[in-house]
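Structure first, commentary second.
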Amino acid sequence: MTNPLYDALFAPHEGKSSPFLLLAGGSILSHAAFLEMVDRMANALTALGAVPGDRVAAHVMKSPQALALYAACVKSGTVFLPLNTSYTPRELDYFVGDSAAKIFVCDPSEEAAVHDIAMRTGAHLTTLGADGLGSLTELAETQEPNFKAQPRSLNDLAALLYTSGTTGRSKGAMLTHENLLSNAKSLVEAWRFTRDDVLLHALPIFHTHGLFVATNVMLLAGGAMIFLPKFDVETVMAQLPKATAMMGVPTFYTRLLEEKQFSSDLTTNMRLFISGSAPLLAETHKKFELRTGHRILERYGMTETSMTTSNPYDAERRAGTVGFPLPGVKIKVCDAQTNAEMPMGEIGVLWVRGPNVFKGYWNMPEKTREELRADGFFITGDLCLIDEHGYVHIVGRGKDLIISGGYNIYPKEVEMFLDSLPGVKESAVVGAPHPDFGESVVAILVAEDGARIDAATIEAQTKDDLAGFKRPRHIEVVAELPRNTMGKVQKNQLREQFADVFQLAQD
Ligand code: MCA
Ligand code: AMP
């Protein structure tokens with residue numbers, strides 16, 4: 001038996017001195033050196049008691065060692081569970097507990113704050129910092145630099161990625177070796193990646209975009225990555241001339257366009273700019289082409305499905321569309337109420353089927369049945385239409401979701417937190433257009449009878465418990481929320497009412 005992901009993504013590079021990670025400060029980590037790190041790390045995980053199938057939760061900053069941890073999970077047959085670095089201990093508690101993680105890797109600075117979580121859930125706590133140091137790497141350094149890849153089947157889990165849900169409770173999407181491998185293969189081909197490519201990697205590695213779309217594609221193609229800790233516009237501009245491709249969320253592109261010095265002189269070596277995770281405004285697409293001569297290639301996907309559609313590499317990349325289904329992926333557009341397939345050109349909910357579609361939600365069979373049908377189609381909740389040329393347009397969301405700078409926020413989760421604060425009777429959370437993040441969070445609150453609440457106090461109360469990107473950036477206290485005759489809060493009315501708050505704040 002083999003290990004499908006390891007065999008395809010990592011094994012071909014064993015012993016190769018080819019560059020893999022080009023790091024800030026100029027040092028280069030070869031494929032061979034990276035794989036040696038992976039073997040030591042896999043031995044360390046085993047020494048800590050992890051066996052194939054166990055979940056390894058990672059709340060760690062981006063570093064070569066953090067990437068090696070992902071690879072070590074693949075090689076040891078354990079299930080990698082990456083967690084957004086901005087999650088607070090309150091949020092981490094749920095993920096570590098729900099997944100019954102065997103190992104919980106955290107940043108050394110938060111060890112004391114999450115100690116109780118590990119005690120309560122029975123996870124073994126170990127540390128890894130942004131500098132690559134911590135108790136996990138200390139243990140890894142004492143281990144042998146060889147580890148035999150553990151046998152796995154295509155249907156075995158490789159990763160568990162939590163995505164928030166409309167009910168306010170996050171769902172763990174179970175991703176198999178086949179899901180990740182089939183998608184990486186499609187993308188390498190669709191986007192023509194080869195070993196000559198150098199990808200500018202400024203995305204976080206705890207989500208599908210930076211981890212699977214970017215990293216798996218580069219591993220399969222055999223190229224190198226300029227591996228930056230985060231998106232910093234100055235650094236990105238300085239590194240662009242050395243890169244051939246970049247993947248980013250729309251905020252990357254709008255931030256680059258805001259820089260006067262950003263010009264085609266910096267992009268002559270580039271062959272491809274890719275955007276996804278949130279809608280790229282047609283206006284940004286056009287401005288980018290005017291400035292650089294490059295037409296950004298927009299694609300569309302989800303944690304549950306990895307990538308499903310992409311604009312073409314060779315044919316026309318159409319602004320405001322996400323292109324065509326990838327090879328092997330079947331899509332259809334269905335009526336939200338009847339599930340009947342819609343005629344071409346009409347708006348409905350996008351359904352997806354293919355080897356890329358996940359196995360279901362961890363420990364949530366009912367939720368899985370609701371969204372992943374017996375015939376293999378996954379109901380994305382995104383509203384789209386397919387035009388007469390076959391291009392898919394994402395025109396909205398059937399789900400109550402805000403996407404801020406590429407991060408998803410489910411209003412229900414924030415509302416549940418706000419409702420629990422002293423003096424708050426109820427709340428409604430909506431997204432409003434934001435010049436930098438695309439969309440951002442607005443909270444509208446009603447005080448309990450006789451209580452006084454104000455925006456500043458509420459804001460302060462969100463600091464310790466809500467990840468930064470989820471925190472409302474505008475808070476309004478009102479006498480009552482608008483409701484329809486059925487008593488349902490009229491979110492569309494609130495969205496309209498607060499549509500300008502971030503624009504006005506900028507003027
Ligand atoms: C950071 N902050 C944010 C965001 N990011 N607030 C709202 N939305 C955000 N996205 C807040 C922090 O909490 C902090 O707040 C302040 O901004 C500065 O933090 P910093 O880390 O310096 O922020 P930044 O460097 O400006 O980050 C913005 C960013 C980053 C570069 C756009 O968010 C980013 O890299 N986003 C990529 C997300 C991504 O990879 N998504 C893929 C999901 P305070 O000052 O109050 O503390 S996968 C997916 O969606 C599917 C599968 C797909 O199709 O790809
Ligand atoms: P996540 O659950 O974090 O994987 O985010 C997936 C969601 O991001 C999708 O359901 C879409 O709503 C959105 N998304 C991803 N790519 C695009 C895109 N190119 N255009 C519009 N929305 C997108």
Side-chain angles (χ1 to χ4, degrees), residues 61-62 82 84-88 161-166 170-171 173 175 179 183 187 201-214 228-236 247-256 274-282 284-285 296-311 319-323 349-350 352 356 358 371 378-384 392-410 431 434 436-441 459-460 462-464 466-473 502:
M61 303 300 278
K62 186 176 176 182
N84 192 316
T85 46
S86 57
Y87 285 150
T88 62
L161 260 63
Y162 277 84
T163 90
S164 0
T166 41
S170 290
K171 304 166 288 184
L175 298 162
N179 295 151
N183 215 237
L187 297 178
H201 192 305
L203 286 159
I205 54 168
F206 45 73
H207 272 313
T208 291
H209 197 164
L211 186 61
F212 304 138
V213 185
L228 303 175
K230 61 179 289 205
F231 183 88
D232 169 70
V233 78
E234 299 278 327
T235 316
V236 166
M247 297 181 190
V249 296
T251 301
F252 285 19
Y253 295 104
T254 50
R255 285 190 183 178
L256 281 168
I274 303 173
S275 177
S277 304
L280 181 78
L281 296 179
T284 311
H285 191 279
I296 299 173
L297 184 155
E298 186 172 6
R299 61 36 169 204
Y300 158 84
M302 269 183 91
T303 302
E304 289 90 334
T305 62
S306 291
M307 299 304 98
T308 55
T309 72
S310 170
N311 264 282
T321 82
V322 293
V349 179
L350 181 63
V352 182
N356 53 317
F358 75 139
E371 294 179 21
F378 172 66
I379 305 175
T380 65
D382 287 312
L383 299 177
C384 79
V392 177
H393 301 235
I394 305 291
V395 297
R397 296 172 205 135
K399 48 198 176 190
D400 192 12
L401 163 72
I402 301 167
I403 304 185
S404 170
Y407 290 140
N408 287 7
I409 301 142
Y410 276 89
H434 189 281
D436 185 31
F437 294 126
E439 258 184 307
S440 198
V441 183
E459 200 187 328
T462 61
K463 281 239 153 65
D464 289 341
L466 280 184
F469 67 94
K470 295 182 199 166
R471 291 205 296 267
R473 287 180 176 254
F502 298 121

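When a ligand or atom number is given, it counts from 1 through the structure's own listing order.
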Look at [atom] and say which protein heavy atom is nearest, naming residue and atom and giving the distance to 0.1 Å.
| atom | answer |
| --- | --- |
| atom 13 (C) of ligand 2 | Ile403 CD1, 3.4 Å |
| atom 12 (O) of ligand 2 | Asp382 OD1, 2.7 Å |
| atom 16 (N) of ligand 2 | Ser277 N, 3.1 Å |
| atom 5 (O) of ligand 2 | Asn408 ND2, 2.9 Å |

Handout entry: ligand 2 contacted by Arg299 (non-hydrogen, < 4.0 Å)
Key = yes
Where the side chain of [X] meets the backbone of [Y], is there a donor-acceptor pair that is under 3.5 Å apart?
| X | Y | value |
| --- | --- | --- |
| Asn311 | Leu297 | no |
| Ser404 | Phe469 | no |
| Lys399 | Thr380 | yes |
| Lys62 | Leu203 | yes |

Which ligand 2 atoms does [X] reach within 4.0 Å, using its non-hydrogen atoms?
| X | value |
| --- | --- |
| Met302 | 4 (O), 6 (C), 9 (C), 10 (O) |
| Glu298 | 18 (C), 19 (N), 20 (N) |
| Thr303 | 1 (P), 2 (O), 3 (O), 4 (O) |
| Lys399 | 10 (O) |
| Pro279 | 20 (N), 21 (C), 22 (N) |

Fill in the blank from the handout: Under 4.0 Å from ligand 1, residues with heavy atoms, in chain and number order, are Leu203, Pro204, His207, Thr208, His209, Lys230, Phe231, Val249, Thr251, Phe252, Arg255, Ser277, Arg299, Gly301, Met302, Thr303, Met307, Ser404, Gly405, Gly406, Tyr407, Phe437, Gly468, Phe469, Arg471, Arg473
Fill in the blank from the handout: Checking Val392, Thr321, Asp382 against Tyr300 for side-chain contact (heavy atoms from CB on, under 4.5 Å), the one that qualifies is Asp382
Might you point out which heavy atoms bring [X] and [Y] nearest each other, and give the distance in Å?
| X | Y | answer |
| --- | --- | --- |
| Gly431 | Ile402 | N-CD1, 3.5 Å |
| Gly405 | Val249 | O-CG2, 3.8 Å |
| Leu175 | Thr303 | CD2-O, 3.6 Å |

Practice task
May I ask you to identify, for Ala278, whether its side chain, its backbone, both or neither come under 4.0 Å of ligand 2 on a heavy-atom basis?
Solution key: backbone
Practice task
Classify the angle between the aromatic ring planes of Phe378 and Phe358 as parallel (below 30°), tilted (30 to 60°) or perpendicular (above 60°).
Solution key: perpendicular
Handout entry: Met302 atom CE: more than 12 heavy-atom contacts under 6.0 Å
Key = yes
Practice task
Decide yes or no for Pro82 and Ile205: does some side-chain heavy atom of the first lie under 4.5 Å from some side-chain heavy atom of the second?
Solution key: no
